[in-house]
Amino acid sequence: MNTCYMCDDVATSSEHVPPKCLFPKKKDLPRGVDLRKTLITVPSCDLHNSKKSSDDEYLLYCLVMSIPSNEIGKNQFLTKIMRAIERNPSLIRKYLNNHQNVSIQNMETGEWSQSIGCQVDDNRIDKSLEQLSRALYFHHFGCKAPSEIGIYPNFLLSMSQGYRETNEAIEKMDTMSEQLFSKEKAHGENPDVFKYCAVDLGHEQPKILRLYFYEGNRVTV
């Protein structure tokens, strides 16, 4: 009997990992391109599948509006998200509440540009990423994740007081994680949308996942 990846209830459906909404539909892609092929799925109960769809959509918004996203992510915003905004203009206002004008620097070219920083709902982001990470853990390691896991969205930066120290710590973890996974195999049939790497450090040592959304949005688990 299959049980849910999150709990011990009987599985009644299959959950896409990551959520299917992150993968563009064919109508939003060049002719002949399919980014929904061979998606990862895990057994799930109803509670941990369909009832979290609003959090999955919120994660999608945050990812495609993030500066590190590649052209696939930006196109998701210009197609899927813009259609949603046209149907319900109040959606975008929720994300622009308490926004700030910010200056950003391209660390590769040294160039500065102007953008906006938005306050995200950390609890919703963490909830969506935790369920996603637990599902991926189940898929890759063949067992349920431990009761406590650490989720570190390295693509989110702080604008609060003391932001420099916080952002330096985020950047340091991101750099260390990239070094750890630099020689690890990447998994995922649609890497322009999502791929991941996994490291098992051995008996009684933590297992670590590195997630990549639209190439530039990295999460360490």
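In this text the structure is predicted, and so the values were computed from the model without any measurement.
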side-chain contact (heavy atoms from CB on, under 4.5 Å) partners of Ser158, counting only residues at least two apart: Ser160, Tyr163, Thr166, Asn167
Nearest-0.5 Å distance that lies between atom CG in Asp9 and atom CG in Asp46: 9.5 Å
Residues in ring-ring contact (aromatic ring centres under 6.0 Å, His included) contact with Tyr58, at least two apart in sequence or another chain: Tyr95
Test ring-ring contact (aromatic ring centres under 6.0 Å, His included) applied to His139 - qualifying residues, sequence neighbours left out: none
Gln76 side chain to Leu22 backbone, donor-acceptor under 3.5 Å: yes
Main-chain N/O of Ser14 paired to Asn49 side chain as donor or acceptor, under 3.5 Å: yes
Sequence-distant partners of Glu189, side-chain contact (heavy atoms from CB on, under 4.5 Å), two or more places apart: Thr38
Same cluster (ILVMFWY, side-chain, under 4.5 Å), Phe138 and Tyr196: yes
Atom pair NZ (Lys27) and OG1 (Thr79), whose distance is rounded to the nearest 0.5 Å: 9.0 Å
Donor-acceptor pair between Ser13 and Ser44 side chains, under 3.5 angstrom: no
Leu63 side, atom CG; Ser69 side, atom OG - distance, nearest 0.5 Å: 6.0 Å
Minimum side-chain heavy-atom gap Phe213-Leu132 below 4.5 Å: yes
Stacked cation flag Arg210 on Tyr212, 6.0 angstrom / 45 deg: yes
Sub-4.5 Å side-chain heavy-atom contact between Pro24 and Val193: yes
Joint hydrophobic cluster, Tyr61 plus Tyr214, side-chain heavy atoms closer than 4.5 Å: yes
List the atom pairs, with distances to 0.1 Å, where a side-chain N or O of residues 146-153 and a protein N or O form a donor-acceptor pair under 3.5 Å, not counting sequence neighbours.
none

Flag side-chain contact, heavy atom, 4.5 Å: Ile40 against His16: no
Validation row: His187, Lys195 side chains within 4.5 angstrom (heavy atoms): no
Minimum-distance pair of heavy atoms, taken over all atoms of Arg36 and Cys21: NH2-CA, 4.4 Å
Pairwise distance CG(Leu47) to CE(Met6) - rounded to 0.5 angstrom: 8.0 Å
Side chain Ser66, main chain Cys62, donor-acceptor under 3.5 Å: no
Side-chain heavy-atom pair Phe23, Phe194 within 4.5 angstrom cut-off: yes
Closest heavy-atom pair and its distance - Leu180, Glu184: O-CG, 4.1 Å
Side-chain touch Thr3/Lys144, heavy atoms, less than 4.5 angstrom: yes
Listed partners of Glu57 passing side chain to side chain donor-acceptor pair (under 3.5 Å), at least two apart: none
Approximate separation, where rounding is to 0.5 Å, of Leu60 CG and Ser128 OG: 10.0 Å
Co-membership, hydrophobic cluster, residues Met65 and Met82, 4.5 Å side-chain: yes
Derivation of the salt bridge (charged side-chain N to carboxylate O under 4.0 Å, His left out) call for Glu130 and Arg134: CA-CA 6 Å; Glu130 179 175 355; Arg134 289 184 179 278; 3.0 Å; yes
For Glu15, side chain to side chain donor-acceptor pair (under 3.5 Å) partners two or more places apart: Lys52
Partners passing side-chain contact (heavy atoms from CB on, under 4.5 Å) against Cys118 (at least two apart in sequence or in another chain): Leu96, His99, Ile116
Qualifying residues under side-chain contact (heavy atoms from CB on, under 4.5 Å), relative to Lys37, sequence neighbours excluded: Asp34, Asn190
ILVMFWY network linking Leu211 to Leu157, side-chain heavy atoms under 4.5 angstrom: no
Selection residues 61-90 - residue pairs positive for salt bridge (charged side-chain N to carboxylate O under 4.0 Å, His left out), sequence neighbours left out: Asp28-Arg83
Shortest non-hydrogen contact between Ala135 and Val17, atoms and distance: CB-CG2, 3.5 Å
Student check: side-chain heavy atoms of Ile208 and Leu201 closer than 4.5 Å: yes
For the student: nearest non-hydrogen atoms of His140 and Ala198, plus distance: NE2-CB, 3.4 Å
Atom pair CG (Asp55) and CG (Asn123), whose distance is rounded to the nearest 0.5 Å: 10.0 Å
Distance-only polar pair, side chains of Ser177 and Asn154, donor-acceptor under 3.5 Å: no
Minimum-distance pair of heavy atoms, taken over all atoms of Phe181 and Leu209: CZ-C, 4.0 Å
Lys/Arg cation over aromatic Phe141: Lys207, 6.0 Å, 45° cone: yes
Minimal non-hydrogen separation, Tyr5 against His48, with atom names: OH-O, 3.2 Å
Hydrophobic cluster identity match, Val120 and Val64, side-chain contacts under 4.5 Å: yes
With Asp192 via side chain to side chain donor-acceptor pair (under 3.5 Å) - residues at least two apart: none
Sub-4.5 Å side-chain heavy-atom contact between Pro43 and Cys4: no
Where at least one partner belongs to residues 212-221, residue pairs that pass salt bridge (charged side-chain N to carboxylate O under 4.0 Å, His left out), sequence neighbours excluded: Asp174-Arg218
